[in-house]
Amino acid sequence: MANFSKSNVPRFSVDVYQNEYLPEGGREVNAIVTVTSTGGGTTGGVPLAGASSTPSALPGHSPNAAVVIMVDCSGSMDYPPTKMRNARDATAAAVDTLRDGVAFAIVGGTHVAKEVFPGDGRLAIADSRTRAQAKDALRRLSAGGGTAIGTWLRLADRLLATADVPIRHGILLTDGRNEHEAPEDLKAALDSCAGRFTCDARGVGTDWEVKEVTAIASALLGTADIVADPAGLAADFTSMMENAMGKEIADVALRMWTPVGVEIAFVKQVAPTVEELTGRRTEAGPRAGDYPTGSWGDESRDYHLCVRVPEAGIGQEMLAARVSLILPAPGGGAPEVLSQGLVRAVWTDDMAASTSINPQVAHYTGQAELAQVIQQGLDARKSGDLGGATAKLGRAVQLAASSGNADTAKLLSKVVDVVDAATGTVRLKAKVADADEMTLETRSTKTVRVKK
């Protein structure tokens, strides 16, 4: 493990967990890489003293974050009327959570995107006066129109681009399906926004499309969740904003360097959620590629790397990969290496050593399978394949029980009757509440960490 730090960024550490031993002819090397970020010379969510309505009022300091809140204002938000009121209250609570000096804006989303506050293509700077003005503007929000989420994201991107800050973040709330633009229009918007800002997405009620909301969060390296009861929006928005205010460093990349002859099979985040990163690689020089990880505060995440090495004889060993945390340099200079770790391969004729599966690798392989079989089981259930649904969800129950994922096990129990968790024997429930099924689908990628 290596560890590097500067006073103006959190300290990052990398720990590699693997079984480095391979049998003769063995080629596949798996490793779990734990990345931990702690401390730093930034505010870390603590209000900035002496903040005023302009960044220049903070001598020697410019705000390090900008946030745009996108609120669904389509016609369905009026059914029931409490939904729109809860959305206004939740956004007001999020505004109250903004750190002094942070740039922010509110966007109202229908089949078009509208600037609710402050307007004129600008961002406001959070202080007591602008918070009050924003909450006053929220009281005038009303529901009416359709849903075209891509337009909301593009407006948020334009607004966030006006801020010269490292942390750019969006919060998006929707209660319906994206029916007023083509799926390719939303995908194009996500492609254009990816890497420019992160975004947490929430679906309120049960009339929205899980795969749309989770795709937004996945593309923009944020979180996705359901708020089945609109009354829970304020607490959820406050939590999201507190998390955003705790971010201290953006655009950190996981750089994989591999020697000649080594192929990368996959790279995925496995905790706190499963997130496929393999296809997001950008080349970074000879035999090196960067995988985006988004913004970091005080937190720890786990990544599963799998590489294929050339065959080698007994007793030989090699560096299979070097994993580094990279922070791009302003102006395109040489990036800063925040921390790094090594993945090794050693060929042995000791069968006990070469056939042992590292506990971290085994755990997260199961967690990734758990997320996959839940999705497959729910898709089978929706398509009427009850036998397939029973088999997949039964396997999910078995995996959740064996890995200690109690939260997922509890969600599964609302969709199936568990006969025997150890063997994965279940019966599909005849009637399942929409909120229970959508909650299981939305949270299916949440994992529990291995006990080390």
Side-chain angles (χ1 to χ4, degrees), residues 4-6 8-14 33-46 48 62-70 94 97-99 101-105 123 126 153 156-157 159-172 190 193-202 214 216-225 237-255 267-269 271-273 275 277 280 282 290-303 324-330 335-339 445:
F4 303 85
S5 69
K6 285 188 176 181
N8 63 333
V9 297
R11 292 179 296 277
F12 281 84
S13 63
V14 169
V33 175
T34 296
V35 178
T36 304
S37 164
T38 55
T42 60
T43 60
V46 178
L48 298 169
S62 59
N64 74 329
V67 181
V68 172
I69 305 170
M70 293 159 272
T97 311
L98 283 164
R99 189 171 65 230
V102 166
F104 77 103
L123 294 168
L153 293 166
D157 185 30
L159 290 168
L160 289 168
T162 66
D164 184 17
V165 294
I167 306 291
R168 295 186 180 91
H169 189 72
I171 289 177
L172 185 148
L190 289 171
C193 294
R196 293 173 59 80
F197 67 94
T198 54
C199 184
D200 294 323
R202 295 294 184 266
T214 54
I216 291 165
S218 176
L220 302 182
L221 299 175
T223 64
D225 208 349
F237 266 46
T238 299
S239 176
M240 273 193 291
M241 189 62 82
E242 286 174 346
N243 184 60
M245 292 298 94
K247 299 299 184 184
E248 302 172 79
I249 186 170
D251 300 326
V252 176
L254 195 70
R255 176 165 294 181
V267 178
K268 64 178 75 171
Q269 178 183 287
T273 59
E275 192 64 60
L277 299 176
R280 302 188 188 189
T282 56
D290 289 349
Y291 301 84
T293 68
S295 301
W296 288 75
D298 282 356
E299 59 188 296
S300 183
R301 305 178 199 169
D302 291 338
Y303 298 87
S324 306
L325 267 293
I326 298 295
L327 181 63
E336 180 185 357
V337 178
L338 301 171
S339 189
T445 60

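Values in this document were obtained by computation on a predicted structure and should not be read as measured data. All values below come from the heavy atoms of this structure, side chains included, with hydrogens, waters and symmetry mates left out.
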Of the non-hydrogen atoms in [X] and [Y], which two are nearest, and what is the gap between them?
| X | Y | answer |
| --- | --- | --- |
| Ile69 | Ala94 | CD1-CB, 3.9 Å |
| Leu221 | Gly294 | CD1-N, 3.5 Å |
| Glu248 | Pro10 | CB-CG, 3.9 Å |
| Leu159 | Ala105 | CD1-CB, 4.0 Å |
| Ala126 | Arg99 | CB-O, 3.5 Å |
| Ser339 | Ser13 | OG-CA, 3.5 Å |

Holding to side-chain hydrogen bond (donor to acceptor under 3.5 Å, both in side chains), I want the full list of residues that pass it with [X], two or more places apart in sequence or in another chain.
| X | value |
| --- | --- |
| Asp290 | Arg255 |
| Ser37 | none |
| Thr162 | none |
| Tyr291 | Arg281 |

For side-chain contact (heavy atoms from CB on, under 4.5 Å), just list the numbers for Val67 and Met245, CA-CA rounded to whole Å, side-chain angles, deciding distance to a tenth of an Å, and then say yes or no.
CA-CA 9 Å; Val67 181; Met245 292 298 94; 3.8 Å; yes

Residues two or more places apart in sequence or in another chain: which of them pass ring pair (Phe, Tyr, Trp, His ring centres under 6.0 Å) with Phe237?
none

Is any side-chain heavy atom of [Y] closer than 4.5 Å to one of [X]?
| X | Y | result |
| --- | --- | --- |
| Leu123 | Val68 | yes |
| Gln269 | Thr293 | no |
| Thr223 | Asp225 | no |
| Leu325 | Leu254 | yes |
| Leu172 | Leu220 | no |
| Cys199 | Met70 | yes |
| Met241 | Leu98 | yes |

I'd like to check the side-chain contact (heavy atoms from CB on, under 4.5 Å) partners of [X]; sequence neighbours left out, ordered by chain and number.
| X | answer |
| --- | --- |
| Ser295 | Ile167, Thr198, Lys247, Ala250 |
| Arg168 | Leu160, Val165, Phe197 |
| Ser300 | Thr34, Thr36, Arg449 |
| Asp251 | Pro328 |

State plainly whether the residues Glu275 and Arg301 are in salt-bridge range, i.e. N to O under 4.0 Å.
no

Kindly determine whether Val337 and Ile326 satisfy side-chain contact (heavy atoms from CB on, under 4.5 Å), including the steps that lead there.
CA-CA 5 Å; Val337 178; Ile326 298 295; 3.8 Å; yes

One should read off an interatomic distance between Leu327 CG and Phe12 CZ, to the nearest 0.5 angstrom, of 8.0 Å

